[in-house]
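Written below as structure tokens is the structure these notes are about.
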Amino acid sequence: MAIRLGVSLYSYREAWYREELDMRGCIRELASLGATGVELFAGYQNIGHNHPDLSDWEIARFRDLLEEFGIEPVCFDSMFGWSPHRGRELTYAEARMMVEKELKLLSRIGFRFLRMPYYLAFQRPLMADCLSMAEYYGVTFGLEVHAPMTMRCDRVTSFVELIEAKKTRFATLIPDLGIYSNRLILRLRENALREGAREECLREIDEAYAAKTLSVLDEAKLSEPEKAYLKHARSQVMDDPELLVPLAPYIGHIHAKFNEVNAGGRDTNIAYERIIPVLQRIGYDGYLCSEYEGQAYYQYGKYGTYAPEVEQVRRQHALLRSLLQ
Amino acid sequence: MTTQLMFTEADVAYEWREGLLRGLAISLKNPDGAVELSLVEAIEVELNGERFGWDELSFTLRDETYSAGLMATLTTTRWEYGERAILHVPYTYIKYGSMHICLTLRFCGGMRGPLSFTKELCVDSMRLSLTKGN
């Protein structure tokens, strides 16, 4: 089976906020792209009130909507796990119950993957306990490999060891392709220039990022916008796509992160032209779910413009389809 | 962006009941991820320099109205991202000219931890009383 395309509705979170897209509008847009899968990001576009305690009616309404447009539920990005109680954390039993409720819900809807909240991924006893629940409900736990993590970081290694130790099919890695940022975010650079950063300093940071020598830059000589750009550079990762090869058996789902696809159809930040051939070579046949995150650079730029989310996702799908041919 | 659109001029109205002015209602959108009502630490409003603390306000979500004290105990009712709630402010004056509104919303937990959002806005007082009264 070939690589399939989907969209994380996180991509449309500002259009949702501005009430330009509701759930039906989002799903219709996905179908118009030719996408066949949807990913939901908890806390932004929930299916009903008080997730995961949804009514039968709310679940049925969502399933009917997906069926109407030929879209399948792929992955649910859980963010829950914080304590709703002021002044204390969740107890082990409360956390376990929250995970079980979420697994049960996703099973009823038909989601295949649960992108774990990080609190769960690194609490080994709870994680191990939850894996047996995942098997029971038939939902696979996914650890998102998001910058500044890389495919060779300790957390990934440790998670793979857990999968091997448990001999489970219900745990997987979810690489966020933002870990292959071969250039810093262009719009952030433009914002820094508008705020008074010097071109030569930004160029020096760009060059140090490309050479992986950011740690030796002299921060003291930088102005505030330049320091902010350097901080951004230090949060980015330029991992080697070839590192996907040995981890291929553990990759069940992928977040196709992007910040900008320009009018010429090129991603200005992430090296998709290097990633897709590797995914094809390893025989990856899961979803690439678009995850647009460029909104932040409009928002924080404070120039009063909204990110063109719908257009950006359309451009990324055109780019991905051209690379997948 | 979400803080800028937390409420706009069109979301502010006088509240009338039985012919009497009861206060100001602000239709307020949650500017961040879904959050339990217990984690809404405070909402404070300043109207033309007059401050209203959290204990003086009430909050309506999905037709249920809560006081600040009650909200602190509601650990299972979530205010969704972008969902509108009505904030009731006991401000019972109608004055000519513009009204300066400064609203601060504070969360003490949730998806991204403690956060605070502030929005300031000037609205035309007479427009509110003329268009929203009943």
Side-chain angles (χ1 to χ4, degrees), chain A residues 9-10 12-23 25-26 40-54 58 77-91 94 97-98 101 117-119 294-309, chain B residues 1-11 27-43 54 59-64 66 68-85 105-115 117-121:
Chain A
L9 297 196
Y10 186 64
Y12 303 132
R13 66 190 183 279
E14 288 199 356
W16 180 281
Y17 194 82
R18 294 199 305 272
E19 300 172 46
E20 292 171 3
L21 283 179
D22 56 9
M23 187 62 82
C26 288
L40 288 190
F41 194 102
Y44 283 98
Q45 291 123 332
N46 287 325
I47 297 162
H49 295 311
N50 298 324
H51 170 95
D53 297 313
L54 301 189
E58 286 169 318
D77 296 5
S78 180
M79 285 295 286
F80 296 112
W82 63 80
S83 172
H85 306 282
R86 293 191 188 184
R88 75 166 177 84
E89 296 301 312
L90 289 175
T91 63
E94 285 169 339
M97 186 177 74
M98 190 173 279
K101 279 184 172 185
Y118 284 107
Y119 85 96
Q295 299 94 334
Y297 309 107
Y298 284 81
Q299 182 176 344
Y300 300 141
K302 298 176 183 166
Y303 301 115
T305 50
Y306 300 130
E309 295 168 322
Chain B
M1 183 287 286
T2 54
T3 307
Q4 291 164 26
L5 298 180
M6 200 158 65
F7 67 98
T8 65
E9 183 164 2
D11 299 321
S27 174
L28 182 65
K29 285 167 132 181
N30 176 357
D32 204 58
V35 65
E36 287 81 2
L37 294 187
S38 55
L39 300 179
V40 178
E41 185 177 24
I43 305 178
W54 189 207
F59 182 96
T60 300
L61 182 68
R62 293 169 225 146
D63 298 327
E64 293 286 340
Y66 309 105
L70 179 57
M71 276 173 69
T73 67
L74 296 175
T75 56
T76 57
T77 305
R78 246 186 226 127
W79 186 17
E80 305 289 350
Y81 167 72
E83 186 180 12
R84 286 184 184 278
L105 165 64
R106 290 205 306 270
F107 295 155
C108 57
M111 187 184 299
R112 297 194 294 137
L115 282 174
F117 307 88
T118 297
K119 162 107 191 234
E120 291 191 52
L121 182 69

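Letters A, B, ... mirror the listed sequences (proteins, then strands); counts begin at 1.
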Can you measure from CG (B:L39) to NE2 (A:H85) and round to the nearest 0.5 angstrom?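 Output value for this atom pair is 9.5 Å.
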
Using 0.5 Å steps for rounding, measure from the CG atom of B:N30 to the OH atom of A:Y17. 7.0 Å

Short question: side chain of B:T75, backbone of A:P84 - any donor-acceptor pair under 3.5 Å?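 Pair absent, no side-chain N/O of B:T75 close to backbone of A:P84.
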
Taking A:R13's backbone N and O only, do any of them form a donor-acceptor pair with B:Y81's side chain (distance below 3.5 Å, no angle check)?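 Flag set: sc B:Y81 to bb A:R13 pair under 3.5 Å.
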
B:K29 meets the side-chain hydrogen bond (donor to acceptor under 3.5 Å, both in side chains) criterion, sequence neighbours left out, with A:E19

Contact origin within B:T76 toward chain A - heavy atom pairs under 4.5 Å: backbone

Which atom names give the shortest non-hydrogen contact between A:G43 and B:M111, and what distance separates them? CA-CE, 3.5 Å

Between A:R86 and B:C108, what is the shortest heavy-atom contact and its length? NE-SG, 3.9 Å

What residue in B:D32, B:L74, B:T77, B:L5 has the most heavy-atom pairs under 4.5 Å with chain A?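 Option with the greatest count: B:L5.
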
Residues in ring pair (Phe, Tyr, Trp, His ring centres under 6.0 Å) with B:Y66, at least two apart?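 Per chain and number, B:Y66 pairs via ring pair (Phe, Tyr, Trp, His ring centres under 6.0 Å) with no residue.
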
